[in-house]
Amino acid sequence: MWQKGRGAPPTAHYPGGVTIRLYDTSARQIRDFTPITPGCVSIYLCGATVQAAPHIGHIRSGLNFDIMRRWFEYRGYDVTFIRNVTDIDDKIIRKSAEQDRPWWAIGYENERAFNDGYTALGCLPPTYEPRATGHVTEMIEMMRTLIERGHAYEADGNVYFDVRSLPGYLSLSNQDLDELRQPAEDGETGKRDPRDFAMWKAVKPGEPSWETPWGRGRPGWHLECSAMAHKYLGSAFDIHGGGIDLIFPHHENEIAQARGVGDEFAHYWVHNSWVTMSGEKMSKSLGNSVLVSEMVKEWRPIVLRYYLGTPHYRSTIEYSEEALREAESAFARIEGFVQRVVEKAGGAVEPAAEVPPAFAEAMDDDLGVPGALAVVHTTVRQGNSALAADDKEAAVARLAEVRAMLAVLGLDPLDPHWAGESDRGEDLHGVVDTLVRLVLQQRESARARKDWATADAIRDQLNQSGLVIEDGPQGPRWTLGPR
């Protein structure tokens with residue numbers, strides 16, 4: 001059984017003739033993807049900063065890159081996927097002071113919350129998930145090299161990167177250095193130029209610190225990722241990912257540090273867009289976040305994955321309950337088809353060995369999930385037509401294709417991950433089924449005597465209670481409808 005990209009069927013061999021195309025932020029255009037090592041893909045994703053529990057905007061990034069990973073694996077690539085944890089930074093330290101709790105306790109609690117969210121929404125675990133605090137040695141070595149090469153300097157126990165020392169700085173964000181306003185924190189004293197950024201911050205009373213050749217202190221946010229990417233992926237790797245809000249200053253400064261020590265660093269930069277509320281980026285500081293832990297109490301996790309994972313990764317999602325209900329209804333149509341064919345077939349239907357060509361074409365073109373999803377829905381409609389015509393063979397064939405496509409998107413309701421997910425009273429299903437069938441028998445009796453008003457009233461009452469009634473050749477069938 002193939003396990004690497006859970007649920008997605010493998011291809012028979014490495015697809016040398018296949019070209020995946022990705023929008024590269026640094027090139028500002030869609031480019032053909034050419035891996036550094038044929039048949040392999042290395043991905044570094046900026047993961048959680050664990051000062052608080054995740055909202056759905058945080059988890060969207062993990063979902064988008066989970067789909068990217070699944071598609072590369074489906075296409076036959078061997079994927080190394082690194083998603084880091086920033087477990088020490090200014091925000092975590094401020095939370096520690098506000099809550100009078102150890103910084104590491106806050107970080108660990110929220111790291112667990114992030115992982116719970118990733119798991120709930122069906123994200124595959126990363127190959128490695130390094131924490132920043134576990135790589136201080138690598139950070140010190142990087143700073144030492146940068147100082148020796150004239151790209152960094154020490155002042156008052158801080159270590160700063162000299163942005164004017166590196167040609168090409170700001171090429172990712174396409175800014176003018178003379179117009180730059182670099183974000184800065186309290187205590188960043190001794191800068192030669194206000195545009196220089198801190199890689200290491202001198203110790204302050206009550207803050208965590210580590211010993212370095214330049215005195216005790218703690219790492220800056222940007223240094224952490226440069227050091228961890230080098231540690232796990234080497235001096236050059238294929239794809240660096242993250243949200244568009246990280247392009248500057250974080251990713252720009254990562255590049256500066258890496259290039260300063262001689263690394264090629266990432267060959268492609270891929271950024272996902274935001275989840276917004278009332279046109280504003282979803283964030284804790286704005287007080288408009290929707291926590292994953294609360295959302296999964298109100299909505300099935302597989303529906304949340306559909307909602308967050310099916311828009312194009314570069315498009316903004318405007319959050320609303322109405323949009324979620326639409327996603328729930330759309331997924332219910334897919335899930336209902338899957339259930340009906342399984343019942344018709346009298347057992348499991350395995351995914352097809354290959355996805356339909358139109359689906360593959362959409363996914364190869366910058367992970368065009370909306371176009372790929374259109375193929376899923378078209379195939380579902382074809383399958384429903386086959387069911388209506390009592391063409392079991394065609395219906396089963398369409399389900400096999402649907403399952404192959406849904407596996408790539410992480411949305412196959414028959415995948416073992418989702419087996420216990422839809423806890424909507426499964427233990428009571430037999431009881432409910434018996435009661436509903438008694439009511440449906442009354443409706444059938446009304447229809448038999450042509451009492452259409454009573455039959456319609458029974459159906460309407462069942463619909464109002466959340467049940468969807470479908471009349472078929474074998475008689476009426478009920479399913480739970482969207483809320």
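Computed from a predicted structure; not experimentally measured.
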*asked:* By the salt bridge (charged side-chain N to carboxylate O under 4.0 Å, His left out) test, which pairs, at least two apart or in different chains, include something from residues 304-318?
replied: Asp66-Arg305, Arg314-Asp366
_Enclosure of Arg112 CZ (heavy-atom neighbours >12, cutoff 6.0 Å)_ = no
*Please name the pair of heavy atoms, one in Ile20 and one in Arg75, separated by the smallest distance, quoted to 0.1 Å.*
CD1-CG, 4.0 Å
*Taking every non-hydrogen atom, the tightest pair across Val369 and Ile67*: CG2-CG2, 4.1 Å
*asked:* Regarding Lys297 and Glu294, does a basic nitrogen lie under 4.0 Å from an acidic carboxylate oxygen?
replied: yes
*Whether Ser26 side chain and Leu172 backbone form a donor-acceptor pair below 3.5 Å*: no
*asked:* Quick one: does any side-chain atom of Glu138 pair with a main-chain N or O of Lys231 as donor and acceptor, under 3.5 Å?
replied: no
_Ile106 CD1 to Ile93 CD1 distance, which is reported to the nearest 0.5 Å_ = 10.5 Å
*Is Glu98 paired with Arg94 through a side-chain N to carboxylate O contact shorter than 4.0 Å?*
no
*For residues Phe65 and Gly241, report the shortest heavy-atom separation together with the two atoms involved.*
CZ-CA, 3.5 Å
_Donor-acceptor under 3.5 Å (Ser235 side chain, Asp263 main chain)_ = no
*Spell out, as yes or no, whether a donor-acceptor pair under 3.5 Å connects the side chain of Asp78 to the backbone of Cys40.*
no
*Out of Arg340, Arg403, Arg300, which one pairs with Glu335 under the salt bridge (charged side-chain N to carboxylate O under 4.0 Å, His left out) rule?*
Arg300
*Using the six-membered ring wherever Trp is involved, compare the ring planes of His55 and His58 and label them parallel, tilted or perpendicular (cut-offs 30° and 60°).*
parallel
Show me, pair by pair, the donor-acceptor contacts under 3.5 angstrom made by side chains of residues 29-38, not counting sequence neighbours?
from	atom 1	to	atom 2	distance (Å)
Arg31	NH1	Asp24	OD2	2.6
Arg31	NH1	His267	O	3.1
Asp32	OD1	Arg21	NE	3.2

*Can the positive tip of Arg83 be found less than 6.0 Å from the middle of the six-membered ring of Tyr118, inside 45° of the ring normal?*
yes
*Output the distance between atom CZ (Phe81) and atom SG (Cys123), rounded to the nearest 0.5 Å.*
8.0 Å
*Working to the nearest 0.5 Å, report the span between NE2 of His251 and NE2 of His240.*
4.5 Å
*Residues Trp71, Asp364; criterion side-chain hydrogen bond (donor to acceptor under 3.5 Å, both in side chains); working and verdict*: CA-CA 8 Å; Trp71 184 243; Asp364 284 339; 2.9 Å; yes
*Give the minimum heavy-atom separation between His377 and Ala330, together with the two atoms involved.*
CE1-O, 3.6 Å
*Is a side-chain donor or acceptor of Trp418 paired with a backbone partner of Gly410 at a separation under 3.5 angstrom?*
yes
*Is a side-chain N or O of Thr25 found less than 3.5 angstrom from the main chain of Trp269, in a donor-acceptor match?*
yes
*Without swapping roles, check the side chain of Ser96 against the backbone of Arg101 for a donor-acceptor pair under 3.5 Å.*
yes
_For His135 and Tyr232, I'd like to know if the aromatic rings sit close, meaning centre-to-centre distance below 6.0 Å._
yes
*Presence of salt bridge, Lys95 and Glu109, under 4.0 angstrom*: no
*asked:* Please find the pair of heavy atoms, one from Cys225 and one from His250, that lie closest to each other, and give the distance.
replied: SG-NE2, 3.4 Å
*Considering non-hydrogen atoms only, spot the tightest contact between His312 and Gly368 and give its length.*
CD2-CA, 4.0 Å
_OH (Tyr108) with more than 12 external heavy atoms under 6.0 Å_ = no
*Which distance, rounded to the nearest 0.5 Å, do you find between the CE of Met363 and the CZ of Phe72?*
10.0 Å
*Residue pair Thr80, Ser42: steps toward the side-chain hydrogen bond (donor to acceptor under 3.5 Å, both in side chains) verdict*: CA-CA 5 Å; Thr80 300; Ser42 48; over 6 Å; no
_CE on Met68 to CG on Leu45, rounded to 0.5 Å_ = 9.0 Å
*Gap separating the CG atom of Asp87 from the CD atom of Glu111, nearest 0.5 angstrom*: 7.0 Å
_Residues Arg398, Glu401: salt bridge by 4.0 Å N-O rule_ = yes
*asked:* Treating Ser385 as the side-chain partner and Arg381 as the backbone partner, does any N or O pair qualify as donor plus acceptor under 3.5 Å?
replied: yes
*Asp196 side chain vs Val163 backbone, donor-acceptor pair below 3.5 Å*: yes
*Examine distances only and state if a side-chain atom of Arg259 and a backbone atom of Phe265 form a donor-acceptor pair shorter than 3.5 Å.*
no
